[in-house]
Structures are given as structure tokens and as C-alpha cells.
Undergrad: 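This is the structure I want to talk about, given as C-alpha cells.
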Amino acid sequence: MKNQQVAQVLNEIADLLELRGENVFRVGAYREAARQIEALGEPIGEIDQRGDLDKIPHVGASIAGKIHELLQTGHSRYLEQLQRQVPAGLVELMHVPGLGPKRARQLYDQLGVVTVADLKTAVEQHRVCRLPHFGEKSEANIRQAVEQLLQRTRRLLLSEALPMAERAAEHLRRSSPAERVDLAGSLRRFRETIGDLDLLAASRDPEAVLDAFTRLPGVARVDARGETKATVITEEGLQLDLRVVDPSVYGAALQYFTGSKAHNIKLRTWAEQRGLKISEYGVFRADTDERIAGATEEEVYACMGLPWIPPELREDRGELEAARERRLPELVALEQMRGDLQCHTKWSDGQRTIEEMVRAAESLGYEYLAITDHSQALGVAGGLSSERRREQRAEIEAVNRSLPRLRLLVGMEVDIRSDGALDADEEMLAACDVVVASLHSGLGQSREQVTRRVLAAIHHPRVHVLGHPTNRLIGRREGADLDLDAIIHAAAATGTALEINAQPDRLDLNDSHARRAVESGVRLVISTDAHSDTQLRYMRLGVATARRGWVGPLRVLNTRPLHELLAWLYDKRTEASG
DNA sequence: GCCGTTTTCGGCCCGACTGTTTTCAGTCG
């Protein structure tokens with residue numbers, strides 16, 4: 001059972017407890033435990049086998065026992081008992097925006113509404129507005145929420161949300177009196193998927209900024225509008241939130257609205273222990289209410305004796321403790337990337353010629369670019385025969401002779417076959433400057449099988465990089481069921497690099513995996529796997545993922561200058577074969 | 001149900017907005 005599924009069970013227990021009107025802190029305990037398990041970098045089954053479940057933060061004896069049962073038997077008697085006590089469907093009802101446990105319960109008790117479909121009918125028959133504490137407006141809001149819920153299915157990919165939010169922010173900067181506009185929330189932390197888009201603005205005239213906001217191009221409707229904040233729904237059905245604060249408290253507000261929730265809770269708890277109170281309006285002395293900071297985020301953290309913490313780290317995964325002990329990691333930055341080690345061209349399934357890719361890489365200021373078209377087994381992706389590969393190599397060498405500033409590397413993304421062998425012979429591999437080995441098929445294999453396969457590739461003396469290690473697709477496909485510890489251990493032992501693939505729906509390794517790899521001394525590369533010139537810009541997403549994984553520049557091979565990279569590529573091979 | 005830089009008991013972040021209510025509960029982030 002995967003971490004995600006365990007977390008889901010705990011969340012469902014929390015939902016059911018909430019519907020029963022249980023103590024809110026008990027409910028919160030289950031949610032917090034679920035969150036912790038989702039963020040674990042390691043399969044929970046392994047933690048269970050070590051008997052270390054209760055060492056996970058916010059997992060105590062009681063929840064540990066329930067997780068253990070779940071892992072051993074595949075179900076939870078406690079969950080099933082709760083499910084018998086609460087009508088099925090009510091959980092779903094509670095997830096309708098605007099409904100919480102109380103109102104969901106009321107709809108059930110008084111109208112017999114159990115499912116979202118029931119709710120739709122009740123709303124259409126105007127039965128909801130006659131309930132106590134509901135009215136015309138509540139009913140209309142619920143109607144909209146239900147319609148939206150039936151339409152909208154998934155969280156946005158970071159790559160979809162970022163440009164949308166950046167366009168809105170840019171428009172506000174130009175068309176309103178806002179002194180500053182920033183992205184906040186999970187966008188600013190570069191989470192891999194985004195629910196709502198949060199923006200923050202500084203202005204002494206919030207009225208005017210909110211006016212501009214509600215009139216942004218693409219706004220379909222205004223959901224809420226107060227004196228300091230507003231919510232709009234775009235034509236695509238996305239929720240965009242804006243909060244406007246006075247410039248003197250902008251730093252405190254930015255800190256607050258960037259989150260994460262868990263990071264802020266811990267920071268506030270620490271503040272209280274120091275006799276301080278932190279809110280979106282600043283840092284205050286608890287005894288006198290005197291405000292002592294708020295204009296910048298640096299100030300806010302400084303009041304706590306902490307250095308500024310990069311937003312990508314603010315997930316309560318040890319960053320506050322690290323900050324307190326002055327051991328925050330230096331994080332890799334986009335400007336440090338000197339090249340891209342995986343991309344595709346028209347020779348296989350890419351959309352651009354080698355020259356077009358080169359021009360794009362030059363415009364990014366890169367020193368090198370590896371052309372890594374697919375190997376033959378990947379017929380769907382136009383994999384190259386050995387004959388075609390010789391022709392491509394000749395073209396790469398010709399282009400290289402005409403390039404003063406950028407060095408093209410001869411590479412290949414070689415498929416790891418279902419038996420673990422590589423889809424290329426020794427001669428083809430030897431002719432490459434850089435070999436990236438990747439899984440593309442047989443993802444349904446057992447954990448043992450697929451792990452053995454990948455280990456064989458990592459140990460292969462010609463392989464430099466393991467490409468998109470799990471081969472997951474966010475929101476569409478779980479990755480292979482890899483024993484990641486074994487993979488990381490082997491990568492550390494052989495010196496084979498692991499890739500952070502920057503394709504927006506891959507981001508594979510993910511942040512937690514990358515962090516574990518780095519902790520084990522593994523080298524990483526961040527590659528875009530670009531299939532067109534514009535996709536080379538996905539590097540930003542890969543770097544963000546690395547930063548969320550506490551990855552420093554020295555761990556990332558493609559921050560190295562060309563001569564160092566070439567030396568490593570060469571040494572890796574000779575050491576392995578010698 | 002979890003947790004501990006005074007604590008193994010008594011807390012648990014906190015403010016904005018909405019709608020329905022005349023002072024607040026529910027929801028959200």
C-alpha cells in the first residue's frame with residue numbers, strides 16, 4: 001500500500017469524525033498525520049517493518065496501530081466502523097465548497113440529501129433555502145459550487161497555473177495603483193500541483209486594486225468581494241484570490257499567505273514561546289501589542305532569530321529547525337544551470353531540428369546541450385536504428401564545428417528493456433558522450449522485477465544518468481513501484497546520476513525523492529527532456545523541484561562548466577569499465 | 001489524538017468573509 005493511499009484513509013477517518021461532530025483537535029490529529037505521511041520520502045511499509053511508525057511526527061501510538069493494521073490486512077476496522085455510522089456520500093457532500101461538516105449534516109438530517117446529485121436536485125427544487133441558517137444566497141452559492149464540482153476534476157499542474165497567475169500579476173502591476181504584486185500560496189512554493197491561485201498586493205488604495213482585479217481579462221464572475229480581499233473565477237473555472245494589504249505590513253502578509261499552513265503554525269507556536277505574536281499584520285509583542293516588524297519577510301524571520309527561509313522549503317520538513325541551527329542548505333538556482341543533458345529532435349519524436357534546438361540553448365546562455373534521441377525499441381517515439389544514429393552523429397559533429405560558444409554532446413536516451421538489458425549495443429553506447437537510461441514500458445511489473453531492471457541499468461558501465469526514474473505522470477499514472485532506497489544506494493555506489501526530469505507532468509524524481517538522494521550523496525542532473533525549443537524553458541520547473549528537495553548546486557552535474565562535466569562523463573565510464 | 005527549550009496534562013494559529021443573524025456560526029485558507 002502506498003503512502004498516498006494510507007494518507008487517504010487517515011483523511012477519510014478525519015472527515016467521518018468531523019461529520020460525527022468529534023473533537024476538532026482529534027480530527028486535526030488525523031489530518032496532520034495524513035499530511036506527514038504524504039510528505040514522507042520513504043515507503044511507509046518499510047517504516048512499519050522497522051517498527052518505527054510512531055517515530056513519524058504527529059503519529060502516536062493510536063494512529064500507528066491503525067496504520068499497522070491497514071498495512072498488514074489491507075483494511076482498517078476503525079474506518080469501517082465509522083463508515084457504518086455515517087451515511088455514505090456525506091463525505092463527498094462535505095467537500096462541496098461552502099459546505100463543511102455542520103451544514104452537510106444538516107442537509108442530510110433535514111432534507112435526506114446524501115450525494116452531490118441529491119444536493120443538485122434539492123437546490124433545483126428550492127428546498128435548501130427554506131432550511132434554518134440557509135437562505136437564497138446560500139442556495140445560489142451551493143448551486144454554483146455543485147455545477148463547478150461536476151465540471152472540474154483535477155488540480156492544475158504548476159506549469160499551467162504559473163503563467164496564468166503571472167499574467168494576472170503583471171496586469172495588476174500595470175493597471176492598478178498596487179505598489180507590489182506577488183504570487184503567494186503553493187504557487188510561490190512551486191508545489192507540483194496547484195489548487196487555487198493566490199496573489200498578494202501592497203497598496204494604500206485597496207479599493208482601486210480590487211476593482212482592477214475583478215475586471216481582469218478572463219474573469220467570468222466575482223465570487224467574493226470585501227474591503228481587503230476578493231475571489232474571482234476565471235473563464236476556465238479557476239479560482240483566483242487576491243488580498244491587498246498596506247505596504248507597511250507587506251512582508252508579514254507575504255510570509256503568511258505563502259504558507260505552508262504547517263510552516264506557519266510552527267512559526268507562530270515558536271513566536272508565542274518567545275512572547276511574540278505573528279499575524280499577517282506583523283510581529284507583535286504579546287504583552288504590549290507593540291508592533292516590531294512587518295514590512296519585509298526578512299524582518300519577520302529576524303524577529304524570531306531566524307534567517308530568511310526560501311519559500312520552496314516552507315513545508316515544515318525541518319526547515320525551521322535548520323534555520324534555527326544555521327544549517328539551511330544553499331539551494332541550486334536557475335542561473336547556475338550551464339546546460340541541458342536530455343532533449344529530443346526531429347530525428348526521433350522531437351519537433352525541432354538539431355540547429356533549432358542549438359539556437360534556443362544558446363539564447364539561454366548554455367555552454368552545452370546533449371542531444372539524446374530515443375533508442376530503437378521505442379518505435380512509437382521514432383527510435384533510431386544504428387544506421388540512423390551514425391548519420392545523426394555526423395550531423396552533430398558538423399554542427400559542432402560551426403559553434404563557437406556552445407558544445408553539442410552526442411547522447412542517447414536508451415530504453416531499459418523488460419529484462420533489464422539496454423536497447424543498444426556496446427558500439428552505439430561507446431560512441432556517445434552521455435547515455436541516459438530510462439524506463440518506458442513494463443511499468444506494471446512487480447516491485448522486485450522493476451527494481452532489478454533499473455538496478456541493472458544503474459550498474460551498467462556505460463550509463464551516466466537514470467532518466468525520469470519512476471516514470472510517473474502527475475495526475476494520470478502512478479510511477480513504477482520502485483524500491484527507491486535500493487536505487488539510491490546503487491546510484492551512490494556506482495556514481496550513476498539520477499535525473500530530475502523537468503517535464504511539467506513528470507517532475508521525476510520528485511522533491512522528497514531528490515532530498516533523499518542528496519542525503520545519500522547521489523549526484524543529480526536536472527534535464528528538461530525537451531521535445532521542442534520552447535520546452536528548454538521547463539528547466540525552471542526542474543530547478544524548483546530540486547530546491548524543494550533541498551538540493552544544492554554542487555550536487556547537480558549540469559551546473560558544472562563544460563570541462564568538468566566532460567571529465568566526469570569520461571571518468572565515470574573508465575572507472576566503471578576499469 | 002498528539003505533543004513537551006517551564007509541561008505527561010492541558011493545550012492545540014488565527015483572522016477574513018459570508019449569510020443569516022441582531023451578535024454569531026460556519027467555512028476557508
Side-chain angles (χ1 to χ4, degrees), chain A residues 10 13-14 17-18 21-36 53-67 78 93-107 128-142 144-145 184-187 189 194-200 206 210 222-231 239-245 249 252-253 255-282 284 286 304-305 316 320-321 324-325:
Chain A
L10 295 178
I13 291 175
L17 290 173
E18 210 168 16
E22 290 276 349
N23 177 298
V24 291
F25 298 111
R26 191 162 164 231
V27 173
Y30 279 93
R31 293 208 196 286
E32 183 57 31
R35 203 193 67 83
Q36 291 286 340
L53 283 178
D54 61 2
K55 293 205 178 66
I56 300 169
H58 301 276
V59 174
S62 169
I63 293 182
K66 287 170 183 117
I67 296 172
Y78 185 59
L93 212 56
M94 191 174 94
H95 291 149
V96 175
L99 294 185
K102 300 278 163 52
R103 302 179 93 193
R105 188 83 221 187
Q106 193 188 351
L107 287 167
V128 171
C129 64
R130 291 200 289 271
L131 293 177
H133 306 293
F134 285 83
E136 293 289 342
K137 290 216 170 153
S138 293
E139 188 174 85
N141 287 342
I142 290 170
Q144 271 185 340
S186 51
L187 270 170
R189 305 198 311 278
I194 306 292
D196 299 326
L197 289 72
D198 295 312
L199 298 177
L200 181 70
L210 288 169
V222 179
D223 235 25
R225 164 72 194 262
E227 284 174 22
T228 63
K229 77 186 231 188
T231 298
Q239 182 173 323
L240 206 55
D241 293 332
L242 173 71
R243 178 76 179 253
V244 188
V245 301
V249 302
Q255 195 286 321
Y256 178 76
F257 289 111
T258 297
S260 67
K261 188 172 172 180
H263 174 92
N264 285 354
I265 287 175
K266 181 169 280 183
L267 186 67
R268 285 179 181 212
T269 308
W270 284 13
E272 205 176 16
Q273 288 161 6
R274 287 181 154 235
L276 298 174
K277 199 184 70 167
I278 299 179
S279 77
E280 59 262 54
Y281 295 117
F284 301 84
M304 295 294 300
D316 189 21
L320 283 161
E321 290 79 0
R324 186 169 63 186
E325 291 151 26

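Just so it is clear: chains get the letters A, B, ... in the order the sequence lines come, proteins before strands, and each one is counted from 1.
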Undergrad: Heavy atoms under 4.0 Å, any strand shown: does A/K102 hit a base, just sugar-phosphate, or nothing?
TA: sugar-phosphate
Undergrad: At 4.0 Å (heavy atoms only), tell me whether A/E227 reaches a base, stays on the sugar-phosphate, or touches nothing.
TA: sugar-phosphate
Undergrad: Is there a Watson-Crick or G-U wobble partner for B/dT8 with both distances under 3.5 Å, and which nucleotide is it?
TA: none
Undergrad: Provide the start and end nucleotides, 5' to 3', of the part of DNA chain B that has atoms under 4.0 Å from heavy atoms of chain A.
TA: B/dG1 to B/dG29
Undergrad: Quantified in whole Å, what is the P atom distance between nucleotide B/dT5 and nucleotide B/dC12?
TA: 15 Å
Undergrad: Identify whether any heavy atom of A/P97 sits under 4.0 Å from a base atom; if not, whether one sits that close to sugar-phosphate; answer base, sugar-phosphate or nothing.
TA: sugar-phosphate
Undergrad: For A/E321, what residues pass the side-chain contact (heavy atoms from CB on, under 4.5 Å) criterion, not counting sequence neighbours?
TA: A/K266, A/W270, A/R324, A/E325, A/R327
Undergrad: How is A/E136 classified with respect to the nucleic acid when contacts are heavy atoms under 4.0 Å: base, sugar-phosphate, or nothing?
TA: sugar-phosphate
Undergrad: Checking all strands, does A/R103 fall into the base, sugar-phosphate, or nothing category for heavy-atom contacts under 4.0 angstrom?
TA: sugar-phosphate
Undergrad: Any side-chain heavy atom of A/R31 sitting closer than 4.5 Å to one from A/E18?
TA: yes
Undergrad: Give the minimum heavy-atom separation between A/A145 and A/V96, together with the two atoms involved.
TA: CB-CG1, 3.8 Å
Undergrad: Determine the interatomic distance between C1' on B/dG10 and the same-named atom on B/dA25; round to the nearest Å.
TA: 25 Å
Undergrad: Please give me the minimum heavy-atom distance between A/I63 and A/H58, naming the atom from each residue.
TA: CD1-O, 4.4 Å
Undergrad: Report the residue (A/H95 or A/E139) whose heavy-atom-nearest nucleotide on DNA chain B is the more 5′ of the two.
TA: A/E139
Undergrad: Within the 4.0 Å heavy-atom criterion, would you say A/V59 contacts the bases, only the backbone, or no part of the nucleic acid?
TA: sugar-phosphate
Undergrad: Quick one: label A/R324 by what it contacts on the DNA or RNA (base, sugar-phosphate, nothing), any heavy atom closer than 4.0 Å.
TA: base
Undergrad: What's A/I278 touching, base or sugar-phosphate or nothing? Going by heavy atoms closer than 4.0 Å.
TA: nothing
Undergrad: Nearest heavy-atom pair of A/D198 and A/G185: which atoms, and what distance?
TA: OD2-CA, 3.8 Å
Undergrad: For A/T231, report the nucleic acid contact type (base, sugar-phosphate, nothing); a contact means any heavy atom under 4.0 Å.
TA: nothing
Undergrad: Taking all heavy atoms of A/A104 and all of A/L93, pick out the closest pair and write down the distance.
TA: O-CD2, 4.1 Å
Undergrad: Checking all strands, does A/Y256 fall into the base, sugar-phosphate, or nothing category for heavy-atom contacts under 4.0 angstrom?
TA: base
Undergrad: Can you find a pair of side-chain heavy atoms, one from A/K229 and one from A/D241, that are under 4.5 Å apart?
TA: no
Undergrad: Mind checking the C1' distance from B/dC28 to B/dC13? Whole angstroms is fine.
TA: 14 Å
Undergrad: The criterion is side-chain contact (heavy atoms from CB on, under 4.5 Å); which residues satisfy it with A/T258, sequence neighbours excluded?
TA: A/A184, A/R188, A/R189, A/L254, A/E297, A/P311, A/R314
Undergrad: Between B/dG11 and B/dC17, how far apart are the two P atoms, rounded to whole Å?
TA: 31 Å
Undergrad: Contact class for A/K266 (heavy atom, under 4.0 Å): base, sugar-phosphate, or nothing?
TA: nothing
Undergrad: Which residue, A/Y281 or A/G135, contacts DNA chain B at a nucleotide closer to its 5' end, judged by nearest heavy atom?
TA: A/Y281
